[in-house]
Student: 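The structure that follows is given in the form of structure tokens.
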Amino acid sequence: MKTEVLEINETSLKKAGELIRSGEVVAFPTETVYGLGADVFNEKAIKKIFIAKNRPMDNPLIVHVASKEDILKVAREINTNAQMLIDKFMPGPITIVLPKRDEIPNSVTGGIDTVGIRIPEHEGARKFIEACGCPIPAPSANSSGKPSPTSAKHVLDDLDGKIPLILDGGESNCGVESTVISLCGETPLLLRPGMITYEMLCEVLGKVDIHPSVLENNKVDKAASPGMKYKHYSPKARVIIVDGSSVTAKGFYDLAKENKRNPVILWEEEELSDFGERSSIALYSNSDTRIAARNLFKLLRECDKKGFDTVFITAVSEKGAGLSVMNRMLRASAFTVLNENSSTEDLKIALQIN
Ligand code: TXA
Ligand code: MG
């Protein structure tokens with residue numbers, strides 16, 4: 001199949017709508033990451049999403065709608081907490097999990113009776129959903145396990161030949177996927193941190209619980225958000241988080257180099273000069289973790305393209321947007337964190353050097 005990449009305009013939107021109504025899948029931009037959408041009521045089309053991405057069938061999809069009025073096409077009811085979040089943050093980079101309507105197929109939600117709902121802020125995304133005329137279930141438009149795509153080019157790199165159309169709406173502004181919060185239990189439960197931060201949620205809702213797997217390697221099989229149990233966001237390179245100073249990172253880098261690796265350091269821009277001739281790239285600057293979020297997936301993909309096989313990446317503060325950055329980095333690194341007390345042996349184990 002030939003994959004077309006088209007800028008968003010009236011003609012391409014019309015084409016995208018026709019493809020979706022005929023049972024095809026289409027990739028589209030959002031402010032978080034690019035999504036791969038299909039008609040929510042067409043089970044064959046939904047199956048195509050899972051096949052194109054090579055995604056496990058029990059990992060539920062987020063259903064995207066264009067307006068607040070359409071939420072009740074997907075959710076059975078809107079409770080008080082949901083209403084407060086809708087009023088404050090939608091459209092925006094947040095997904096609320098609510099009891100689902102019976103009409104929403106089980107293949108969308110991986111067989112569970114709740115559904116994640118999101119109204120994207122990206123105008124192109126909303127126009128696309130409107131052109132389709134139905135709610136659009138859509139995961140991130142990457143191959144399953146790879147870093148999520150933040151540009152049309154990333155989608156093409158992963159899914160060329162597997163989908164008919166990619167709508168190009170420029171680079172995604174947030175760079176990490178939406179905040180996912182379940183409103184089905186007594187206390188709201190943060191399942192995946194994003195740009196609508198934990199602190200922002202607490203301000204509106206009062207008490208919010210954080211699911212343990214947000215920052216821990218939670219081996220429980222039945223995670224509240226099934227997506228959290230899979231390996232995630234991994235480039236080909238081995239990612240190692242460095243929770244320490246640039247001196248510590250330099251030590252690890254040099255040891256990797258001695259062992260014939262081709263390493264790179266992703267660090268704060270202000271300290272890059274500490275690394276001298278070593279390969280290093282700015283992850284963020286001015287302690288602004290929103291910039292780290294915007295750059296993270298893009299840089300992990302770039303490291304692969306440039307042939308680096310080992311990525312040492314700085315830990316960031318878990319406040320604000322930093323929580324979502326740490327959450328994604330921990331998964332990209334398979335929870336590998338080294339600090340100044342880590343031994344040569346620890347690094348060798350992380351790098352699988354004997
Ligand atoms: O920003 C985003 O959310 C992007 C764009 C395209 O909107 N989408 C996205 O979808 O990241 P995906 O499929 O890659 O991630 C969806 C996450 C998964 O971790 C999944 O388990 C969780 O949301 N999820 C979806 N529905 C759920 C539900 N009913 N209950 C609990 N978790 C749910
Ligand atoms: Mg994803």
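Values reported hereafter were calculated over all heavy atoms of this structure, with side chains retained and with hydrogens, waters and symmetry mates removed. In listed order, ligands and their atoms are each counted from 1.
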Student: Just which atoms of ligand 1 are under 4.0 Å from any heavy atom in G35?
Tutor: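 Counting from 1, the qualifying ligand atoms are 6 (C).
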Student: With a cut-off of 4.0 Å, which atoms of ligand 1 are near a heavy atom of N59?
Tutor: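 Ligand 1 atoms under the 4.0 Å threshold to N59: 18 (C), 20 (C), 21 (O).
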Student: Mind checking whether V115 contacts ligand 1 via backbone (N, CA, C, O), side chain (CB onward), both or neither, at a 4.0 Å heavy-atom cut-off?
Tutor: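 Contact part for V115 vs ligand 1: backbone (N, CA, C, O).
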Student: For residues V155 and A141, report the shortest heavy-atom separation together with the two atoms involved.
Tutor: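 Looking at all heavy atoms of both residues, the shortest contact is CG1-O, 3.8 Å.
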Student: Please state whether R55 comes within less than 4.0 angstrom of ligand 1, counting heavy atoms only.
Tutor: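 Heavy atoms of R55 do come under 4.0 Å of ligand 1.
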Student: Provide the number and element of each atom of ligand 1 under 4.0 Å from a heavy atom of E177.
Tutor: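 That gives atoms 1 (O), 2 (C), 11 (O) of ligand 1.
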Student: Identify, by atom number and element, the atoms of ligand 1 in contact range of I112, meaning under 4.0 Å from any of its heavy atoms.
Tutor: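 Close to I112: 28 (C), 29 (N), 30 (N).
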Student: With side-chain contact (heavy atoms from CB on, under 4.5 Å) as the test, would you mind laying out the steps for T109 and T114 before giving the verdict?
Tutor: CA-CA 7 Å; T109 58; T114 61; over 6 Å; no
Student: Restricting to N/O/S atoms, is S148 within less than 2.8 Å of the Mg ion (ligand 2) or not?
Tutor: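 No, since none of the N, O or S atoms of S148 sits under 2.8 Å from the Mg ion (ligand 2).
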Student: Name the atoms and distances for all side-chain donor-acceptor pairs under 3.5 Å in residues 287-294, with sequence neighbours left out.
Tutor:
residue: D288; atom: OD1; partner: R290; partner atom: N; Å: 3.0
residue: D288; atom: OD1; partner: R290; partner atom: NE; Å: 3.2
residue: D288; atom: OD2; partner: R290; partner atom: NH2; Å: 3.3
residue: T289; atom: OG1; partner: G322; partner atom: N; Å: 3.2
residue: R294; atom: NE; partner: N173; partner atom: O; Å: 2.9

Student: Any atoms of ligand 1 less than 4.0 Å from a non-hydrogen atom of L191? List them with their elements.
Tutor: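 Here the atoms of ligand 1 in question are 31 (C), 32 (N).
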Student: Nearest non-hydrogen contact with atom 16 (C) of ligand 1 belongs to which option: I136, I62, D113?
Tutor: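 Minimum heavy-atom distance to atom 16 (C) of ligand 1 goes to I62.
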Student: Hey, which atoms in ligand 1 end up nearer than 4.0 Å to a heavy atom of S140?
Tutor: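 Answer for ligand 1: 8 (N), 9 (C), 10 (O), 12 (P), 14 (O).
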Student: What do you reckon, does V97 put a non-hydrogen atom under 4.0 Å from ligand 1?
Tutor: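 V97: in contact with ligand 1 (<4.0 Å).
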Student: Any ion pair linking E203 and K88 (charged N to carboxylate O, less than 4.0 Å)?
Tutor: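 E203 and K88: not salt-bridged.
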Student: Counting only heavy atoms, which portion of T114 has something under 4.0 Å from ligand 1: side chain, backbone, both, or neither?
Tutor: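 Both parts.
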Student: Heavy atoms only: give me the nearest I86-K68 pair and the separation to one decimal.
Tutor: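 Nearest pair, atom of I86 first, then K68: O-NZ, 3.4 Å.
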Student: Are any of the N/O atoms in R118 less than 3.5 Å from those in ligand 1?
Tutor: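 Yes: some nitrogen or oxygen of R118 is under 3.5 Å from one in ligand 1.
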Student: Using a 4.0 Å heavy-atom cut-off, which part of H64 comes near ligand 1: side chain, backbone, both, or neither?
Tutor: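 For H64, only side-chain atoms sit under 4.0 Å from ligand 1.
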Student: Strictly below 4.0 Å, N to O, side chains only: are R118 and E31 in salt-bridge contact?
Tutor: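 Yes, this pair counts.
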Student: Do any nitrogen or oxygen atoms of T30 come within less than 3.5 Å of a nitrogen or oxygen of ligand 1?
Tutor: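 In fact, backbone or side chain, T30 has no N or O that close.
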Student: When you compare the side chains of S12 and N9, does any donor N or O come within less than 3.5 Å of an acceptor on the partner?
Tutor: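 The criterion, which ignores hydrogens and geometry beyond distance, is satisfied for N9 and S12.
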Student: Salt-bridged, D157 to K305, with N to O below 4.0 Å?
Tutor: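 Counted as a salt bridge, because a side-chain N and a carboxylate O are separated by less than 4.0 Å.
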Student: Is E302 salt-bridged to K298, going by a charged N under 4.0 Å from an acidic O?
Tutor: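 So E302 does not pair with K298 through a salt bridge.
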Student: Please name the residue in the list D309, T310, T336 that meets the side chain to side chain donor-acceptor pair (under 3.5 Å) test with R238.
Tutor: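 Answer to the side chain to side chain donor-acceptor pair (under 3.5 Å) test with R238 among D309, T310, T336: T336.
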Student: Below 4.0 angstrom from a heavy atom of G116, which ligand 1 atoms are there? Numbered from 1 as shown, please.
Tutor: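 Checking each atom against G116, I get 26 (N), 29 (N).
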